[in-house]
2 protein chains.
Amino acid sequence: MSDALRTAVSRPATLEDVARVAGVSRSTVSRVINGIRNVDLEIQETVRQAIAATGYVPNSAARSLVTRRAGSIALVLSGVAGEVEDEDTARNRVLTDPFFGRALSGVVGALRPRGLHPLLMVADTAEARDQVVGHLKQGGADGAVLVSTDPEDPLPSRLVEVGMPVVLFARPVRPIPISYVDLANRDGARLAADHLAARGCRQVAMIGGPAGVPAAQDRLTGFREAMARHGFPYVPCIEGDFTQRGGELAMERLLAENPGLDGVFAGNDLMAQGAMFVLHEHGRRIPDDVAVIGFDDSSAALASRPRLTTVRQPVEEMAAELTRLLLARVENPAGPVTSVIFEPSLVVRQSA
Amino acid sequence: MSDALRTAVSRPATLEDVARVAGVSRSTVSRVINGIRNVDLEIQETVRQAIAATGYVPNSAARSLVTRRAGSIALVLSGVAGEVEDEDTARNRVLTDPFFGRALSGVVGALRPRGLHPLLMVADTAEARDQVVGHLKQGGADGAVLVSTDPEDPLPSRLVEVGMPVVLFARPVRPIPISYVDLANRDGARLAADHLAARGCRQVAMIGGPAGVPAAQDRLTGFREAMARHGFPYVPCIEGDFTQRGGELAMERLLAENPGLDGVFAGNDLMAQGAMFVLHEHGRRIPDDVAVIGFDDSSAALASRPRLTTVRQPVEEMAAELTRLLLARVENPAGPVTSVIFEPSLVVRQSA
DNA sequence: ATGAAAGCGCTAACAC
DNA sequence: GTGTTAGCGCTTTCAT
């Protein structure tokens with residue numbers, strides 16, 4: 001094989017190669033590729049053929065270097081504060097959470113039409129957070145969708161400070177200039193309360209999420225407010241940690257303290273599922289003895305028996321909208337900070 | 001603000017800036033950053049200070065352009081052939097599958113020490129597959145970890161053909177030169193068979209995975225072989241699709257055809273869970289009337305009552321090893337093609 | 001041990 | 001409408 005030919009085979013084609021084959025200049029080829037008008041139609045065709053003939057694919061590094069666009073965005077899972085668990089277990093739990101899968105699906109769906117893909121980053125330690133910030137500052141991604149499980153997570157503000165386009169899934173604890181999507185959590189809790197009240201429950205309790213999480217607070221507040229309107233001024237609540245096990249523990253305590261309980265509202269489906277297991281163990285029939293309502297409408301809701309009545313959170317749509325918010329910010333970093341609040345709905349199944 | 005200062009503030013520092021501040025040349029700074037020896041210790045220190053002072057972060061596009069390394073790898077979920085479902089639903093199902101979360105966790109864990117992050121790509125349509133191939137050829141990633149749900153998926157061979165470093169989760173249907181990790185599925189099935197036989201089950205059946213999937217075939221073969229050794233030459237099997245719903249459907253049929261059934265082995269936990277629901281509905285006690293064994297040891301196994309006895313697949317470790325296999329190939333594309341087979345173990349809980 | 005200089009492949013002024 | 005040219009920020013010979 002001649003040296004010339006060998007080179008032609010092994011080295012990926014460049015714009016220069018295409019230009020030579022088409023008999024035009026680099027710029028013209030570049031224009032055709034980037035869909036810029038002002039190019040003669042015949043020449044366009046010639047160029048296209050040359051591209052096909054050479055098997056040319058634009059080099060993204062070269063393009064990024066000059067456009068200053070990475071052409072990818074980061075999906076950051078942050079604040080996985082592991083106190084008891086080790087790092088691997090914590091990461092595992094978050095990535096296995098059905099909520100995460102749905103969010104991911106929404107992000108991927110919104111990115112697809114633009115030909116983009118998310119860079120997945122897990123920032124569960126201080127070191128990992130630094131790495132994430134570094135990676136983004138390097139231009140590793142054009143922006144970040146942040147899903148933070150820890151309300152005290154410092155990452156959102158840090159990223160905003162360095163001028164990165166960032167958006168947040170859920171309202172930040174402290175007000176910072178950042179776009180976000182969230183659910184009308186109080187409305188969701190009200191839906192649950194109304195349903196329980198309408199069923200005739202007279203002694204209801206709640207299994208709440210971690211006290212520091214705004215969404216958990218809102219759900220508790222909303223639930224208590226609505227129950228108060230129904231004539232039940234006091235609703236006991238035990239704090240859970242959004243895991244099934246947490247739901248089990250909370251339910252045990254709730255049952256011990258309120259044996260006459262006939263309704264439970266859990267801050268998410270996983271905890272509701274745990275609660276149902278415990279109720280079952282204690283011989284309570286669901287929904288006849290105790291009605292149970294969850295939150296999220298995750299896969300866990302359908303994968304439990306009886307099927308879980310739950311407050312649906314349109315996670316996929318929320319994540320998709322959030323991604324579009326980010327993309328808008330990447331296009332125009334000086335644009336307005338927006339937030340979009342979604343409305344929950346009650347999905348009535350068998351548990352209440 | 002003066003023009004000069006404004007520039008200094010807004011524009012990220014470059015190697016040149018650092019060099020000027022440190023009073024050395026670009027090359028020297030580059031050497032320090034890349035940890036190349038042959039640099040005077042004092043100068044190294046000066047350079048480090050200059051880096052800190054300027055807040056310099058290397059530009060990854062520029063680096064990639066010259067090194068021809070993207071510094072990221074792709075995690076491709078492929079072959080999500082949706083015939084009944086629409087695209088969104090299919091993507092959702094895969095991303096929400098507990099198996100996926102565990103695999104992702106393993107990949108992330110293996111990448112972290114190298115400071116790398118996975119680019120997540122879902123290739124569920126022919127168009128999406130082209131996009132993935134294009135992205136990789138562009139240099140969007142240095143290699144790909146492929147998790148393929150469809151045995152007929154053309155992506156593995158395509159990627160291998162274009163010379164991309166690729167590795168596969170699970171043995172390819174047709175032999176192609178590709179590194180992979182897999183589980184000793186037949187051994188796993190044998191574990192289940194032995195346990196069921198030891199319990200005294202006399203009429204067992206299986207809910208298999210899709211017939212075209214090698215792992216599903218191996219589990220069926222292994223189960224039948226082992227049961228035959230225990231004196232049960234024929235084991236009925238209904239094919240499921242690895243979803244809970246599929247498990248329910250299969251169990252209904254199995255029960256209709258074999259009312260005297262006292263043991264069921266399901267190809268994965270999700271189907272086992274569905275089977276348990278159906279058995280429960282039909283008044284069968286688990287494990288007293290019918291013993292049930294799943295496969296995977298996914299989160300579903302713990303999230304069911306009774307807790308599922310299952311064949312554990314060390315997905316996280318497998319994914320981590322797979323990632324290391326890929327990294328090795330990226331380092332040395334001419335290196336050997338390797339496959340690593342992991343051993344399953346039986347996790348005995350309550351269902352059998 | 002350090003510096004000078006040549007690109008990597010592309011886009012975007014700018015000129016024609 | 002098309003070509004010429006000047007970089008983008010970095011690594012890497014090659015001199016020194």
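Chain letters run A, B, ... following the sequence lines, proteins first, then strands; residues in each count from 1.
A search for side-chain contact (heavy atoms from CB on, under 4.5 Å) contacts involving B:A170 returns B:D182, not counting sequence neighbours. For B:L120, the side-chain contact (heavy atoms from CB on, under 4.5 Å) criterion is met by A:L104, A:V108, A:P118, B:L75, B:F100, not counting sequence neighbours. When the salt bridge (charged side-chain N to carboxylate O under 4.0 Å, His left out) test is applied to A:E16, the partners found at least two apart in sequence or on another chain are A:R26. With sequence neighbours left out, B:R158 forms a salt bridge (charged side-chain N to carboxylate O under 4.0 Å, His left out) with B:D130. With sequence neighbours excluded, the residues satisfying side-chain contact (heavy atoms from CB on, under 4.5 Å) with B:Q49 are B:E45. Legend: residues meeting ring pair (Phe, Tyr, Trp, His ring centres under 6.0 Å) with B:F169, ordered by chain and number and at least two apart, are B:F99. Every side chain to side chain donor-acceptor pair (under 3.5 Å) that A:R112 has, sequence neighbours left out, goes to B:E87, B:D124.
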Between the protein and nucleotides 4-7 of chain D, are there any N/O to N/O pairs under 3.5 Å, and if so, what are the atom names and distances?
| from | atom 1 | to | atom 2 | distance (Å) |
| --- | --- | --- | --- | --- |
| D:dT4 | O4 | A:S27 | OG | 2.7 |
| D:dA6 | N6 | A:R26 | NH2 | 3.3 |

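Nearer to the 5' terminus of DNA chain C, by closest-nucleotide assignment, is the contact made by B:L41 (compared with the other of B:L41 and A:I33).
A distance of 14.0 Å separates CD1 in B:I73 from CZ in B:R329, rounded to the nearest 0.5 Å.
Distances shown here put every side-chain N or O of A:N38 at or beyond 4.0 Å from the OP1 or OP2 atom of D:dT2.
Evaluation of the side-chain hydrogen bond (donor to acceptor under 3.5 Å, both in side chains) test over residues 60-76 of chain A, restricted to residues two or more places apart or in two chains, returns none.
Nearest to the side chain of B:N34, among D:dC10, D:dT11, D:dG3, sits D:dT11.
Spacing between atom CZ of B:R69 and atom P of D:dT11 amounts to 14 Å, rounded to whole angstrom units. Regarding B:I36, its CD1 atom lies at a distance of 7 Å from the P atom of D:dT12, rounded to whole Å. Rounded to an integer number of Å, the gap from CZ of B:R68 to C1' of D:dC10 is 13 Å. D:dC8 atom P lies 10 Å from atom CD of B:E16, rounded to whole Å.
Overall bending of the helix from C:dA1-D:dT16 to C:dC16-D:dG1, expressed as the angle between end axes built from five pairs apiece, is 40° (10° steps).
When DNA chain C is scanned 5' to 3' for any atom under 4.0 Å from a heavy atom of chain B, the first and last hits are C:dA1 to C:dG9.
Salt bridge absent: B:E317 and B:R102 never bring a charged side-chain N and a carboxylate O closer than 4.0 Å.
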Under 3.5 Å donor-acceptor pairs involving side-chain atoms of residues 136-145 of chain B, not counting sequence neighbours:
| from | atom 1 | to | atom 2 | distance (Å) |
| --- | --- | --- | --- | --- |
| B:D142 | OD1 | B:A70 | N | 2.6 |
| B:D142 | OD2 | B:A70 | N | 3.3 |
| B:D142 | OD2 | B:G71 | N | 2.8 |

